[in-house]
2 protein chains.
Amino acid sequence: MTIKEVCEKYDITADTLRYYERVGVIPAVTRTAGGIRDYQETDIAWVENAICFRDAGMPVEMLIEYVKLFQEGDSTIDARANLLKEAREAIVEARKKYDIALEKLDYKIGRYEIAQKTGVLTWDDQEEE
Amino acid sequence: MTIKEVCEKYDITADTLRYYERVGVIPAVTRTAGGIRDYQETDIAWVENAICFRDAGMPVEMLIEYVKLFQEGDSTIDARANLLKEAREAIVEARKKYDIALEKLDYKIGRYEIAQKTGVLTWDDQEEE
DNA sequence: TGTTGACTTAGAGTCAACTCCAAGTTGTAT
DNA sequence: ATACAACTTGGAGTTGACTCTAAGTCAACA
């Protein structure tokens, strides 16, 4: 699979794919004899994981560390498991904050909808607006 | 409430609080006669909302727009409601990605835990590792 | 075989969101 | 009254994550 096909498949730029490889967010991608990237199943799986974890706010630095440990072999299994658990906790925490914001937003949106129907904005005493 | 107290209450730096005010993420804060910030209930409510929405990934730009509309008065109620609905959708979408990442992480962590018990890392055919 | 378009690299540039700095002011404790 | 910490401002600097540029190489087609 060419870099262009991978871009289209995951809606990501070629620059980002090359950047991920360059800094080590994914391991070195398979190349043709001419040196052009030719993504194999394995390469694509790494790309998919990278995008998935980045979308969940996992820092590039952490993904690099994971790939580094992975390449060091089985002796790093504990370290990798710990890293993933740490990442998991961060995501769970972030998700909680998303939920709190959603509650707040829903409350405010509800208020605005009442205002739009009645023409009057009413706020209770715990609101700034 | 002094800036320091607000910092401690919300675990945020004074620089960030001043930055939020400067760019308009929150409206101008109440000052003492000497010009020192003295956060009132209303100011604190704005700070709390700003932190909450930023924590959910809402861009600073969007918060600035909301404050701007708010200050323009009741004629912007529709615009504000639309802005909040847009923000809501973005957060819902981001949350979905967090859930997908969590599933993937749980699967991987599970594999590592088996590996730690048995000493053997086993991956199925859909895994890169 | 030439040309056109997609690919390559190293390195510089951009953007959002802070974060720090310098120089000056305020307010509290001796 | 005098330190001295904590505050103020405007503006510069940093960080993380891309994103772009220049100069060159590869590959498919006329």
Side-chain angles (χ1 to χ4, degrees), chain A residues 1-40 43-44 46-47 49-68 86-87 90-91 94 97 101, chain B residues 1-40 43 46-47 49-68 87 90-91 94 97 101:
Chain A
M1 216 174 186
T2 66
I3 197 166
K4 197 176 193 190
E5 286 165 342
V6 178
C7 290
E8 281 159 9
K9 181 164 185 191
Y10 294 107
D11 193 28
I12 187 177
T13 69
D15 273 322
T16 301
L17 279 173
R18 284 189 284 254
Y19 162 72
Y20 280 176
E21 185 178 353
R22 178 153 50 93
V23 301
V25 163
I26 57 171
V29 170
T30 310
R31 304 296 181 112
T32 64
I36 291 181
R37 288 175 183 80
D38 181 24
Y39 291 81
Q40 305 302 307
D43 302 314
I44 290 168
W46 279 105
V47 167
N49 280 333
I51 293 170
C52 176
F53 294 140
R54 281 293 303 122
D55 280 349
M58 192 164 155
V60 159
E61 200 52 57
M62 211 167 190
L63 290 167
I64 293 170
E65 178 68 13
Y66 181 79
V67 170
K68 207 198 92 213
E86 197 190 315
I91 293 172
K97 298 201 172 160
Chain B
M1 218 176 187
T2 67
I3 198 166
K4 196 172 193 192
E5 287 164 343
V6 178
C7 290
E8 280 160 8
K9 181 166 184 190
Y10 294 107
D11 192 29
I12 187 177
T13 68
D15 272 320
T16 300
L17 279 174
R18 284 189 285 253
Y19 162 71
Y20 280 175
E21 185 178 354
R22 177 152 51 93
V23 300
V25 163
I26 58 171
V29 170
T30 311
R31 306 295 182 111
T32 64
I36 290 179
R37 289 174 183 81
D38 180 25
Y39 292 81
Q40 305 303 306
D43 302 313
W46 279 105
V47 167
N49 280 330
I51 293 170
C52 176
F53 295 139
R54 281 291 305 120
D55 280 348
M58 192 165 154
V60 158
E61 200 53 56
M62 210 165 190
L63 290 167
I64 293 170
E65 178 66 12
Y66 182 79
V67 170
K68 205 197 96 211
I91 293 172
K97 299 205 171 155

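Residue numbers start from 1 in every chain, and the chains themselves are labelled A, B, ... in the order their sequence lines are given, proteins ahead of strands. In this text, all values refer to a predicted model and were calculated from it rather than measured experimentally.
- Rounding to whole angstrom units, CD1 of residue Ile36(B) and C1' of dG24(C) are separated by 12 Å.
- Nucleotides of DNA chain D that come within less than 4.0 Å of any heavy atom of chain B span, from the 5' end to the 3' end, dA6(D) to dG11(D).
- When every heavy atom of Cys7(B) is checked against every heavy atom of Thr13(B), the shortest pair comes out as SG-C, 3.6 Å.
- Rounded to an integer number of Å, the gap from NZ of Lys4(B) to P of dG27(C) is 16 Å.
- With rounding to whole Å, Ile64(B) atom CD1 is found 10 Å from dA17(C) atom C1'.
- When all heavy atoms are compared, the tightest approach of Val67(A) to Gly24(A) is CB-O, 3.4 Å.
- OP1 or OP2 of dT19(C) has at least one side-chain nitrogen or oxygen of Thr16(B) nearer than 4.0 Å.
- DNA chain C is contacted by both Arg54(B) and Arg37(A); Arg37(A) maps to the nucleotide lying nearer its 5′ end (nearest heavy atom per residue).
- Take the nearest nucleotide of DNA chain C for Gly35(A) and for Gly57(B): the residue whose nucleotide is more 5' is Gly35(A).
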> After noting the C-alpha distance and the side-chain angles of Thr32(B) and Asp38(B), does the key distance pass the side chain to side chain donor-acceptor pair (under 3.5 Å) rule?
Replying inline: CA-CA 6 Å; Thr32(B) 64; Asp38(B) 180 25; over 6 Å; no
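- Glu5(A) contributes a side-chain N or O that, together with a main-chain N or O of Thr2(A), makes up a donor-acceptor pair within less than 3.5 Å.
- Judged as a side chain to side chain donor-acceptor pair (under 3.5 Å), and not counting sequence neighbours, the contacts of Tyr10(A) are Glu48(A).
- Listed by residue number, Arg18(A), Arg22(A), Arg31(A) are the residues of residues 17-33 of chain A with a heavy-atom contact under 4.0 Å to DNA chain C.
- For the segment residues 5-15 of chain A, the set of residues with a heavy atom within less than 4.0 Å of an atom of DNA chain C is empty.
- In terms of heavy-atom proximity, Phe53(B) sits nearest to Ala101(A) at CE2-O, 3.8 Å.
- Nearest heavy-atom pair, Ile26(B) versus Ala50(B), reported as atom, atom and distance to 0.1 Å: CG2-CB, 3.9 Å.
- A donor-acceptor pair under 3.5 Å links the side-chain atoms of Asp43(B) to the main chain of Gln40(B), judged by distance alone.
- By the side chain to side chain donor-acceptor pair (under 3.5 Å) test, Glu61(B) pairs with no residue at all, sequence neighbours left out.
- Considering Asp15(B), Ile12(B), Val47(B) in turn, Ile12(B) is the only one that fulfils the side chain to side chain contact (heavy atoms under 4.5 Å, CB included) rule with Tyr20(B).
- Judged as a salt bridge (charged side-chain N to carboxylate O under 4.0 Å, His left out), and not counting sequence neighbours, the contacts of Arg37(A) are Glu21(A).
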